[in-house]
Undergrad: 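One structure follows; several queries about it will come next.
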Amino acid sequence: MSRIFITGSTDGLGLAAARTLMKEGHDVVLHARSSERASAISEISAAALGIVIGDLASAVETRSIAHQVNTIGRMDAVIHNAGIYLQRSRGETPDGHAKTLAVNVLAPYLLTAWITRPDRLVYLSSGMHRSGSSALDDIDWKKRPWNASQAYSESKLYIATLAAAIARHWPDVLSNAVDPGWVPTKMGGAGAPDDLEMGHLTQTWLAASDDGAAKASGGYWYHRQQREAAAVTDPGFQDALVEKLAELTGVRLLEERG
């Protein structure tokens, strides 16, 4: 049985993944953005290994989340599930970043740097990544007019690319990206056509399964099948993105972790 940390596990795919993994007998550490959101899942959190609290839009709170996880102990897997969808405006985090970029990309990047390295990493992407631009000169939306859909698409391109970069640089870690599909969560909406169960079961399978297929690394997965992903597999783009994220956060992930 494994120890698994899941970000954004108070509802939607994250909560479904947590319930599945706990039912299978794994020790799960939950994450909530606030104490209020944590109290909403008190029934499941009572059976979890622990619950950590912090807002991923803040680098300070993201560091606190990592510290809370490390205090519990080393995880076997981390599922970077948390994300936000179409924001009406760029917004501005306490660190001055666009909120979509901060939550969907910078936070998982920082958590990857700060949480004791697990055996497996799973990052939630989206089929919308195919509409993302690979131009990296304004990923924080400081110059361009705000476009919520484009910002989300780009964030999902970046997170899938980060997963592939980690797989290439850290051969001792299984790192994969997952497209859960357009599923009927609060984010996806009640009319979303894809299979909610397969959306979260791909995450849990990659995080904990002993199946040979689940022990691949560097893949982009949809319903337990590998798919091609635009630009993601380009080593030059991977390294340029990681360098840009290091510039924005002040944290040099690959150099720090080997």
Side-chain angles (χ1 to χ4, degrees), residues 1-84 93-95 97 99 101-124 159 162-163 166 170 173-175 178 200 203-204 206-208 245-246 248-254 256-258:
M1 295 299 103
S2 298
R3 280 184 170 188
I4 301 168
F5 172 52
I6 308 171
T7 65
S9 39
T10 59
D11 60 17
L13 291 170
L15 180 58
R19 291 186 187 280
T20 295
L21 289 165
M22 290 169 69
K23 186 176 180 180
E24 292 174 354
H26 299 290
D27 290 325
V28 174
V29 177
L30 305 167
H31 161 249
R33 186 173 68 242
S34 64
S35 298
E36 291 74 20
R37 291 183 69 83
S39 65
I41 58 164
S42 57
E43 181 181 349
I44 184 174
S45 63
L49 179 61
I51 183 166
V52 304
I53 297 172
D55 188 343
L56 293 169
S58 161
V60 169
E61 292 197 35
T62 299
R63 183 180 278 279
S64 173
I65 291 167
H67 176 72
Q68 292 171 65
V69 172
N70 289 336
T71 298
I72 293 170
R74 179 182 177 273
M75 298 294 115
D76 296 296
V78 175
I79 300 176
H80 293 280
N81 165 82
I84 56 177
T93 70
D95 310 289
H97 300 301
K99 191 171 181 181
L101 179 74
V103 174
N104 291 3
V105 186
L106 300 184
Y109 173 87
L110 290 171
L111 289 176
T112 302
W114 290 334
I115 291 176
T116 301
R117 188 185 300 189
D119 298 321
R120 304 188 191 196
L121 290 163
V122 180
Y123 298 86
L124 265 289
I159 202 64
L162 177 63
I166 290 169
W170 294 353
V173 175
L174 302 180
S175 175
V178 173
H200 78 267
Q203 300 180 47
T204 60
L206 287 168
L245 298 179
L248 289 173
T249 62
V251 174
R252 303 194 66 83
L253 172 65
L254 300 179
E256 289 193 1
R257 299 297 296 271

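Predicted model, so just to flag it, every value in this text is computed and none were measured. Worth knowing before you read on, the calculation uses all heavy atoms, side chains too, and leaves out hydrogens, waters and symmetry mates.
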Undergrad: Would Arg3 and Asp119 pass as an ion pair if we require N to O under 4.0 Å?
TA: no
Undergrad: Heavy-atom count around Arg120 CZ within 6.0 Å, excluding the residue itself: above 12?
TA: yes
Undergrad: Check whether any side-chain N or O of Thr204 sits under 3.5 Å from a backbone N or O of Leu21 as a donor-acceptor pair, and report yes or no.
TA: no
Undergrad: Please walk me through it: do Leu15 and Ile44 pass side chain to side chain contact (heavy atoms under 4.5 Å, CB included)?
TA: CA-CA 9 Å; Leu15 180 58; Ile44 184 174; 3.9 Å; yes
Undergrad: Of His31, Arg37, Glu36, which meets side chain to side chain donor-acceptor pair (under 3.5 Å) against Thr10?
TA: Arg37
Undergrad: Taking the side chain as every heavy atom from C-beta outward, state whether Ile51 and Ile41 have any atom pair closer than 4.5 Å.
TA: yes
Undergrad: Going by heavy atoms in the side chains, are Val78 and Val122 under 4.5 Å from each other?
TA: no
Undergrad: Can you tell me if Asn70 and Thr116 form a side-chain donor-acceptor pair at under 3.5 Å?
TA: yes
Undergrad: Go through the steps to decide whether Val105 and Leu162 satisfy the test side chain to side chain contact (heavy atoms under 4.5 Å, CB included), and finish with yes or no.
TA: CA-CA 9 Å; Val105 186; Leu162 177 63; 5.6 Å; no
Undergrad: Any ring pair (Phe, Tyr, Trp, His ring centres under 6.0 Å) pairs touching residues 35-82, not counting sequence neighbours?
TA: His80-Tyr123
Undergrad: Is the shortest heavy-atom distance from the side chain of Leu124 to the side chain of Ile159 under 4.5 Å?
TA: no
Undergrad: Would you check if Thr7 and Leu111 make a side-chain contact, meaning some heavy-atom pair closer than 4.5 Å?
TA: yes
Undergrad: Check for a donor-acceptor pair, side chain of Asp27 on one end and backbone N or O of Leu49 on the other, with a separation under 3.5 Å.
TA: no
Undergrad: Are the side chains of Leu254 and Trp170 in touch, meaning some heavy atoms are under 4.5 Å apart?
TA: yes
Undergrad: Checking Ile79 against Phe5 for the side chain to side chain contact (heavy atoms under 4.5 Å, CB included) test, could you report, in this order, the C-alpha distance in whole Å, the side-chain angles of both residues, the deciding distance, and whether it holds?
TA: CA-CA 6 Å; Ile79 300 176; Phe5 172 52; over 6 Å; no
Undergrad: If you take all heavy atoms of Ser45 and Leu30, which pair is closest and at what distance?
TA: CA-CD1, 3.6 Å
Undergrad: Taking Asn81 for the side chain and Gly8 for the main chain, is one N or O donor matched with an acceptor at less than 3.5 Å?
TA: yes
Undergrad: Scan for side chain to side chain donor-acceptor pair (under 3.5 Å) pairs involving residues 49-65, sequence neighbours excluded, and state none if there are none.
TA: Ser64-Gln68
Undergrad: Where the side chain of Ser2 meets the backbone of Ile4, is there a donor-acceptor pair that is under 3.5 Å apart?
TA: no
Undergrad: Are Leu174 and Leu121 side-chain neighbours, meaning at least one heavy-atom pair lies under 4.5 Å?
TA: no
Undergrad: Do you know the tightest heavy-atom contact between Leu110 and Ala59?
TA: CD1-CB, 4.2 Å
Undergrad: Applying the side chain to side chain contact (heavy atoms under 4.5 Å, CB included) criterion to Leu106, which one of Asp95, Thr93, Leu101 satisfies it?
TA: Leu101
Undergrad: Could you tell me which non-hydrogen atom of Ala57 sits nearest to which non-hydrogen atom of Ala102, and how far apart they are?
TA: O-CB, 4.2 Å
Undergrad: How far apart are the closest heavy atoms of Arg117 and Arg74, and which atoms are they?
TA: O-NE, 3.2 Å
Undergrad: To the nearest 0.5 Å, what is the distance between NE2 (His200) and OG (Ser9)?
TA: 13.0 Å
Undergrad: Of all the heavy-atom pairs spanning Ala246 and Arg252, show the shortest one and how long it is.
TA: CB-NH1, 3.9 Å
Undergrad: For residues Gly83 and Val103, report the shortest heavy-atom separation together with the two atoms involved.
TA: CA-CG1, 4.2 Å
Undergrad: Is the shortest heavy-atom distance from the side chain of Leu56 to the side chain of Arg33 under 4.5 Å?
TA: no
Undergrad: Starting at NE2 of His26, measure out to OG1 of Thr20 and round the result to the nearest 0.5 Å.
TA: 10.0 Å
Undergrad: Between Leu253 and Leu245, is the side chain to side chain contact (heavy atoms under 4.5 Å, CB included) condition met? List the steps.
TA: CA-CA 9 Å; Leu253 172 65; Leu245 298 179; over 6 Å; no
